[in-house]
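Accompanying notes for the structure given below.
Here is the naming used below: chain letters follow the sequence lines, and residue numbers restart at 1 for every chain.
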Amino acid sequence: MLKLTHVAFGAFLVAAPAALAEDAFTPEQVSVKEAIDPGPNVFVYQEEWKGAGSIAVFAQDSLKLKGLMSTGAMGQMLVAPDGKTAWAQSSFLKRIVYGPNEQVLQTFDIDKLTVKGEAILPPKAAMALGYSALLRLSTDGKLIFVQNATPASSVTVADAATGATLQEVPTPGCWGIYPLPGKSGFATICGDGTFSTVTVSADGKTASAEASAPIFDPDADPIFIEDESYDGALYFVSYKGVLYKLDPSGKTVAKLETTELTAGVEGGWAPGGYQLMSIAPKAGVLFIQMHPDAKDGSHKFVAKEIWAYDLKAKKVLSRSKVEDVASLVASKSDTPLVFGSTEVGKLFRFETDPAAGYALKSAGETALTGFPLTLDLVE
Amino acid sequence: MLKLTHVAFGAFLVAAPAALAEDAFTPEQVSVKEAIDPGPNVFVYQEEWKGAGSIAVFAQDSLKLKGLMSTGAMGQMLVAPDGKTAWAQSSFLKRIVYGPNEQVLQTFDIDKLTVKGEAILPPKAAMALGYSALLRLSTDGKLIFVQNATPASSVTVADAATGATLQEVPTPGCWGIYPLPGKSGFATICGDGTFSTVTVSADGKTASAEASAPIFDPDADPIFIEDESYDGALYFVSYKGVLYKLDPSGKTVAKLETTELTAGVEGGWAPGGYQLMSIAPKAGVLFIQMHPDAKDGSHKFVAKEIWAYDLKAKKVLSRSKVEDVASLVASKSDTPLVFGSTEVGKLFRFETDPAAGYALKSAGETALTGFPLTLDLVE
Amino acid sequence: MFNLIDKLTGWMDKMAEGSARRMALSTGRRSFLARTGAVIVGGALLPVLPFDRTFGVLPANAAESDEFSCEYWRYCALDGNLCNSCGGTLTQCPPGSEASKVSWVGTCKNPVDGKDYLVSYNDCCGRSECDNAPFCNTNQGERPGYRMGLHNDINWCMANASVGYHCTVAVLVGLAE
Amino acid sequence: MFNLIDKLTGWMDKMAEGSARRMALSTGRRSFLARTGAVIVGGALLPVLPFDRTFGVLPANAAESDEFSCEYWRYCALDGNLCNSCGGTLTQCPPGSEASKVSWVGTCKNPVDGKDYLVSYNDCCGRSECDNAPFCNTNQGERPGYRMGLHNDINWCMANASVGYHCTVAVLVGLAE
């Protein structure tokens, strides 16, 4: 009884405040905002390793935080192309950092920031730093691909609508998920320098794989797992700055072309970071994080500059000095915006100037928490 | 099969490294340290609100971190007087920050930093900032008292050996747990300015309570819930700096004496912070966090100075400038050490100089995480 | 287990009696509430507002008018992250979270009209702590847990189904004349 | 679900064949391992060490000899919190935690004897991340997850009963001649 009456005391204040004043004061009511404000968003996955991570939703124009969607630990985020649905794969241990681990695929309604559903995954999902290639939606939007590591590599195929696991595809020695255009399935990068093209049946329940010819040299110059799609091609970049243009549409992945981003540039510049590049498709420009004096082990160095590289003209259009950008994403508009996150909790907004080779200029900054290494946006 | 072989690959490196070298190199083996190094410890509860908190164990002499004992969220820590056993009360939600909440009393073996046991508590335990008065051991060491809030106040009485809940004692309008000397039970501070003395039966299963005469004025000058025991008396301090010396040993709590700490001192000084005072018993000195220009709402201000107050002579012996100390604890030695934590992640070690009125001098600093507002030590 | 109830009820009666005495000068429940801040709880009375306002009056300044600053006047006893910087507003929890069923109360002076308002600080619940947003820790009139309705060092999501602390709103619920 | 196995086995055979070709110049399994860093896994071969060491040799300096510094030579490919600053030692997990059953491997040059050592980076598991301790992020020879044995952006507690990441040790397990 005591418990109930004390609870009632709090509720009373909220429910009957009008009784408190004698003059015309109109009391306010506490409520919950039903939906986020409209407008294009930037999503940042704020990963935590000893607690709840979150997908933070920011307004692209103002960087105003629209809200958080909470996940478990050591997770990955995925945002649907229409910006209405998000998913997260993460770990919920019985005692947060010890005890049985339940790996969960959450489905979120972005407008309402609510959990629409959750499904238990096979307990193999990679507990990794944030990389967009570790949790992917099939091109037709019907399947979710989850990168597993036990440390043997495999991919869980789940129904995007229900989260139900349909199959687990072994992908030994391969890593990263690159949805195939025009058909169901994904390509993956293999440790011998080939790609494997995994075709998944329409019902998601079976799969077959085909290895490509060698595409890169994983010993001499490995490629980052961060990919960008543009004009039907799939782009990767190597530790030393070689841009790979691949065709993922055939039975196997084919190499179309390679270009040296740093050709003719002094200073030992190389790409570095996590989500280290993004293509602005209308401009046909690749924005990529670069650091000077590159050496063995510098491939995760944060950016000292962001370069704008013209994919058609194959030349660097501009080099913009930045501070500590570890991951970035560019918008798809004519005059792209670039958003960059740092390892230590900042989100930067940059405007670009097409007349100046898409050079970046600072246009906003806000706070992030956790390890904010994955960004996405929807216009 | 693939999974098993891949796991074997990692194990192989650890188990059979001798095969890797051709010369006399002797490979090392990974192992787990069995126990912490001997010597007196300082304990800091690093509370988290969206993940796993931890009890951090530091060497008193070097501030070297000896290890962590992980808890759930929004918890409290308790260290046995012998320094061998610790407990924590904390919350484990199914989805870390949402879903059903399991409130757990963990028992830790401090030497091995292992979880010796856990018991599920009634789901009412206060989810509060760290305060030592919210989780207490009875004077005979047989019972654990857990402060509850629903927000109605009650205390769960649990068996210290097993963690099993024995009873829930309603304590409406009262807060904080102050174990009674010489008998089983506790006193608690009530909102009308009295104390309630709750006597618990030997088996822990029943209780009776007795209210004291008014002891303080909760409107004009409330007392902090932080207590210190010394020479049979129980000490509290008020927002305005009045030191209360109480006798908790009788049927009801009795007021023995009050003293104004700031009598004759200019500058509007007042006590402030969380675990804001500690008595060094051999010296008979109270160390207390003070800030100037006190006003309504400044009672949680961090310390600008720590004062050493002589409890027998009733005078301030020294005033030492400090930076941002939010909580502190003093050791029991002839020449006390004082350890202070800040809200932003630092643990300070101070030596004191008896010849200079126990003035503090900086003697070490290390990093803390979370909200580190509760400290304890055992010599 | 409940052999305490008699005595505790006695204590609560006594407290209610004391509060009732203080109430003598007022003319009705509303005035009483506005003046002393006590709230009727299942027949007993708990003091939830300090009536000792001997500390100074706040001067009006820019920060007091900026609801995204910890100095904003409504936040005079707020301990937590600002919901209006986390997708909510001054009085609305961010989408996807829940408003706490119970709350603590502050009394804050509005620098514009000079009146003291009762502010209900509701925590928003069921999402991770929004530490992207400013963390404020102000404590005018704040009391330890023995005056629970004025206490802010505790998770006021305690009575909700999902108790994860997300952020805090500041809702004007009355005038403290 | 396992209609892939045939093809994947084919792919692994091919990879093993390629590795075997590279192995041709060595005289036995031990040399092969030391030289190419490949490890036999259930009959297949996975490359776990880079053999391209074209980047510069490290100069000896004080930090390289300080095992509490991220610059310590053994930590050349360590991504995590140092266990020796969290109650453990260079090779011992802190009390109460568990050593990871699997690990990644770096090749680090000891500035004292000038030799390259194989370093097994084991995560310690089942306790909260020890972010009291220094966080180091060095990546000599580090590769993405397609060379899993060299990859450090993942929780190597993954094969343990309790997968919470606590900290990382650096254990010398071999010489890379």
Q) Among D:S97, D:S128, D:P95, which residue meets the side-chain contact (heavy atoms from CB on, under 4.5 Å) test with B:L68? A) D:S128
(Q) Minimum heavy-atom separation for D:A99 and B:V30, please, with both atom names. (A) CB-CG2, 3.9 Å
Q: Going by the side-chain contact (heavy atoms from CB on, under 4.5 Å) test, name the single residue among D:L172, D:V119, D:L90 that passes it with B:E28.
A: D:L172
Q: Quick one: closest heavy-atom pair of B:F25 and D:V173, and the distance?
A: CE2-C, 3.6 Å
Q: Name the region of D:D113, side chain, backbone, both or neither, that has any atom closer than 4.5 Å to a heavy atom of chain B.
A: neither
Q. For B:E365, does the CD atom have more than 12 heavy-atom neighbours from other residues, nucleotides or ligands under 6.0 Å away?
A. yes
Q. Is the number of heavy atoms from other residues, nucleotides or ligands within 6.0 Å of CD (D:E71) greater than 12?
A. no
Q: Pick one of side chain, backbone, both or neither for B:A35, based on which atoms fall under 4.5 Å of a heavy atom in chain D.
A: backbone
Q | Largest heavy-atom contact set with chain D, pairs under 4.5 Å, which of B:D111, B:I36, B:L65 | A | B:L65
Q.
At a heavy-atom distance under 4.5 Å, which candidate from D:C86, D:S85, D:C124 has the highest pair count against chain B?
A. D:C86
Q: Examine distances only and state if a side-chain atom of D:R127 and a backbone atom of B:S54 form a donor-acceptor pair shorter than 3.5 Å.
A: no
Q: Look at atom CD of B:E379 and say whether more than 12 heavy atoms of other residues, nucleotides or ligands are closer to it than 6.0 Å.
A: yes
Q.
Just so I understand: if I count every heavy-atom pair under 4.5 Å between each of B:K64, B:K66, B:M69 and chain D, which residue has the most?
A. B:K66
Q | Per-residue contact mode, B:F108 against chain D (heavy atom under 4.5 angstrom) | A | neither
